[in-house]
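Quick note on labels: first sequence line is chain A, next is B, and so on, each numbered from 1. Owing to the predicted nature of the structure, the values given are computational and were not obtained by experimental measurement.
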There are 2 protein chains.
Amino acid sequence: MDGPAVSAVRAFNRTVAERIGALNDGFLGRGRPMVESRTLWEIGLEGAEVRELRARLGLDSGYMSRVLRALERERLIKVETSPDDGRVRFARLTRTGRAERAVLDQRADRVAWGFLEPLTDQQRATLVAAMAEVGRLLRASLITIAVEDPTTTDARWCIGQYFAELVVRFEAGFDPSNTIPADAHDLMPPRGAFLIARLHDRPLGCGALKFHPGAPAELKRMWVDPEARGLGLGRRLLGELERQAGRAGARVVRLETNRALVEAIRLYRSSGYREVPAFNDEPYAHHWFEKELA
Amino acid sequence: MDGPAVSAVRAFNRTVAERIGALNDGFLGRGRPMVESRTLWEIGLEGAEVRELRARLGLDSGYMSRVLRALERERLIKVETSPDDGRVRFARLTRTGRAERAVLDQRADRVAWGFLEPLTDQQRATLVAAMAEVGRLLRASLITIAVEDPTTTDARWCIGQYFAELVVRFEAGFDPSNTIPADAHDLMPPRGAFLIARLHDRPLGCGALKFHPGAPAELKRMWVDPEARGLGLGRRLLGELERQAGRAGARVVRLETNRALVEAIRLYRSSGYREVPAFNDEPYAHHWFEKELA
DNA sequence: CATGTTCTCTGACTTTAGTCAGAGAATTGT
DNA sequence: ACAATTCTCTGACTAAAGTCAGAGAACATG
């Protein structure tokens with residue numbers, strides 16, 4: 001734990017908390033409790049499922065329900081049951097609700113402008129850039145990586161995205177039936193592992209391992225959502241995969257890859273992987289890498 | 001109002017609010033309300049005056065009192081009346097209180113470390129730097145500038161600081177009785193104006209004007225606290241002084257300065273001031289500047 | 001089609017936060 | 001020395017936030 005960095009984070013927190021408070025106050029003073037305003041705002045112009053609102057706002061279902069009733073009483077929203085699932089309810093703004101939301105939006109904008117207004121143009125630009133940087137890295141730090149079941153919808157979605165990208169990027173295209181297969185149950189403990197990286201439940205990347213007792217573990221299916229690139233997620237995933245391999249008893253990790261995947265190759269090299277002769281006959285591979293775990 | 005910048009600020013807010021919430025939660029879960037934990041923390045190892053705590057935490061005096069009673073009941077603090085002013089009370093931590101505060105501190109540290117831990121070293125450094133930048137600029141944007149009475153303690157403190165700095169910086173030293181005087185009532189409307197820049201009530205800079213109907217306004221006593229330099233405060237103060245001069249009917253602002261004050265001279269030049277022949281016989285001046293207000 | 005799960009509601013609560021008025025003691029200003 | 005001000009405290013409130021248990025409807029699954 002790095003002391004000075006931790007202090008810096010805490011100092012940042014203190015400064016920023018105050019201003020954030022001010023921004024939230026933009027949601028106050030409209031004669032209704034803050035949760036109601038926040039909910040109104042979160043429903044958005046498109047409307048939203050109640051269960052999703054609850055997740056986003058972190059509210060108890062009973063509480064949420066009451067908040068929605070209050071907004072309905074004010075004729076700001078209408079809650080109806082969703083057409084595709086009779087259990088879930090869907091909230092949408094009425095015309096009045098949209099107007100009220102616009103007011104909230106405007107107030108928040110004014111407060112945000114209050115942060116910028118006293119600054120010179122140059123300072124404003126610096127502030128906006130630094131804020132973007134902080135936001136980006138805080139988001140990166142919120143990404144969690146965990147071993148998961150490779151048969152779930154999310155896992156299969158990740159693999160689908162991975163394949164779809166290969167189709168586009170490989171010079172010769174890509175046909176999953178042509179590659180060395182990796183069945184779901186080969187990627188499950190104890191024969192393997194499947195890791196998913198998530199930001200707030202949403203999958204942003206994956207990576208898999210096949211264990212071979214007494215032989216190197218094989219790394220497969222490593223993918224990072226294009227939207228999440230540049231956050232160091234690939235490196236984190238790789239590290240986590242290696243940790244898992246080590247825990248499963250592997251001394252060496254190896255993998256094959258296609259020459260079109262230049263960032264991946266760069267990542268492997270800079271993470272201590274050495275190129276080795278082909279150890280399998282994967283038709284799409286151009287490079288084979290190997291790393292001894294410390 | 002700059003749309004994209006405002007959106008950036010609001011986006012930043014959304015990302016950060018979440019993490020800040022997490023940090024504050026470090027103050028929770030100790031079986032007492034958040035205000036109590038915050039108060040305990042704010043009292044600090046040195047203890048603190050109750051009135052100051054109230055200001056820092058933004059609490060109603062009645063509320064504050066109750067919070068302190070609760071902490072006393074838990075034997076975490078002791079409140080006694082201050083030796084130098086029988087009205088104000090002074091809170092200090094007991095041994096138990098110090099231990100409890102250390103726990104809170106540790107928890108907050110752990111949460112802060114949670115922000116950093118998932119990142120690579122390089123990302124950590126970037127994050128810390130960006131946070132410092134954001135903090136610095138947000139603090140800058142919290143500084144307010146207002147016309148005030150030049151006879152108050154704060155105003156006189158500012159002028160004192162200003163003189164003290166001149167003593168150190170002028171090659172020939174500085175003796176206030178030797179300079180052209182600027183009596184407090186010459187710096188009060190309608191004959192002049194005195195501006196103080198503050199961050200949370202604490203004065204960080206000042207600047208004064210003497211008006212001469214039909215003639216240029218004179219700028220005097222411009223000072224920025226060394227701690228607050230590099231925040232663009234000098235430029236803001238100067239702008240505000242010019243605005244006040246314009247409002248008072250002046251078409252031109254002029255000033256004299258000493259060659260040791262290089263940053264000030266740079267500021268004047270870059271703000272549109274042109275050097276002119278001496279227009280008074282200020283013994284400490286080497287340069288005389290003038291600017292026509294737009 | 002029986003069973004378990006998910007989602008939403010309602011009712012009945014508790015806790016936290018925050019406000020307001022007034023009183024008493026100490027201090028400051030004139 | 002008298003009045004005004006500052007600071008803290010108590011009592012009496014209100015509002016907001018949040019929790020818990022249970023029930024009913026809709027859906028998913030074997």
Expressed as a whole number of angstroms, how long is the span from [X]:[atom1] to [N]:[atom2]?
X: Met64(B); N: dC9(D); atom1: CE; atom2: C1'; value: 13 Å
X: Glu80(A); N: dA25(D); atom1: CD; atom2: P; value: 20 Å
X: Asp60(B); N: dA21(C); atom1: CG; atom2: C1'; value: 11 Å
X: Arg73(B); N: dT10(D); atom1: CZ; atom2: C1'; value: 13 Å
X: Arg32(A); N: dT14(D); atom1: CZ; atom2: P; value: 23 Å
X: Asp84(B); N: dC7(D); atom1: CG; atom2: P; value: 13 Å
X: Leu53(B); N: dT8(D); atom1: CG; atom2: C1'; value: 13 Å
X: Leu59(B); N: dC7(D); atom1: CG; atom2: P; value: 16 Å

Which nucleotide in the set [options] lies at the smallest distance from any side-chain heavy atom of [X]?
X: Arg51(B); options: dA17(C), dT10(C), dT8(D); answer: dT8(D)
X: Arg89(A); options: dT19(C), dA17(D), dT8(C); answer: dT8(C)
X: Val88(A); options: dC7(C), dC9(C), dA17(D); answer: dC7(C)

Report, one pair per line, the protein and nucleotides 23-26 of chain C atoms (nitrogen or oxygen only) whose separation is under 3.5 Å.
unit_1  : atom_1 : unit_2   : atom_2 : d
dA26(C) : O3'    : Gly86(B) : N      : 3.2

How is Met34(B) classified with respect to the nucleic acid when contacts are heavy atoms under 4.0 Å: base, sugar-phosphate, or nothing? sugar-phosphate
Between Leu137(B) and Met131(A), is any pair of side-chain heavy atoms under 4.5 Å apart?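 They are not in contact (no side-chain heavy atoms under 4.5 Å apart), so the answer is no.
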Measuring only between side-chain heavy atoms, which start at C-beta, is Arg69(B) closer than 4.5 Å to Val79(B)?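 They are in side-chain contact.
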Sidechain N-carboxylate O distance under 4.0 Å for Asp105(A), Arg10(B):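 Yes, this pair counts.
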Considering heavy-atom distances to DNA chain D, does Ser61(A) or Pro83(A) have its closest nucleotide positioned more toward the 5' end? Ser61(A)
Mapping Gly58(A) and Ser82(A) to their closest nucleotides on DNA chain D, which lands nearer the 5' end?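 Upstream on the strand: Gly58(A).
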Report the C-alpha separation of Glu240(B) and Arg236(B) in whole Å, then their side-chain angles, then the decisive distance to 0.1 Å, and conclude whether the salt bridge (Lys or Arg N to Asp or Glu O under 4.0 Å) test is met. CA-CA 6 Å; Glu240(B) 199 50 54; Arg236(B) 267 182 75 194; over 6 Å; no
Of all heavy-atom pairs linking Met64(A) and Leu53(A), the shortest is SD-CB, 4.1 Å
If we check side chain to side chain contact (heavy atoms under 4.5 Å, CB included) with Leu76(B), which of these qualifies: Leu93(B), Leu71(B), Leu68(B)?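 One option only clears the test, and that one is Leu71(B).
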Distance below 4.0 Å between Arg54(A) side-chain N/O and dT8(C) OP1 or OP2: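 Affirmative; the distance criterion is met.
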Check the phosphate of dT10(C) against Arg66(A), side-chain N and O only, distance under 4.0 Å to OP1 or OP2. Yes or no?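 No, outside the criterion.
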Within the 3.5 Å criterion, strictly below it, is a donor on Asp149(B) or Thr151(B) matched to an acceptor on the partner's side chain?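 Looking only at side-chain atoms, Thr151(B) and Asp149(B) do form a donor-acceptor pair, the distance falling under 3.5 Å.
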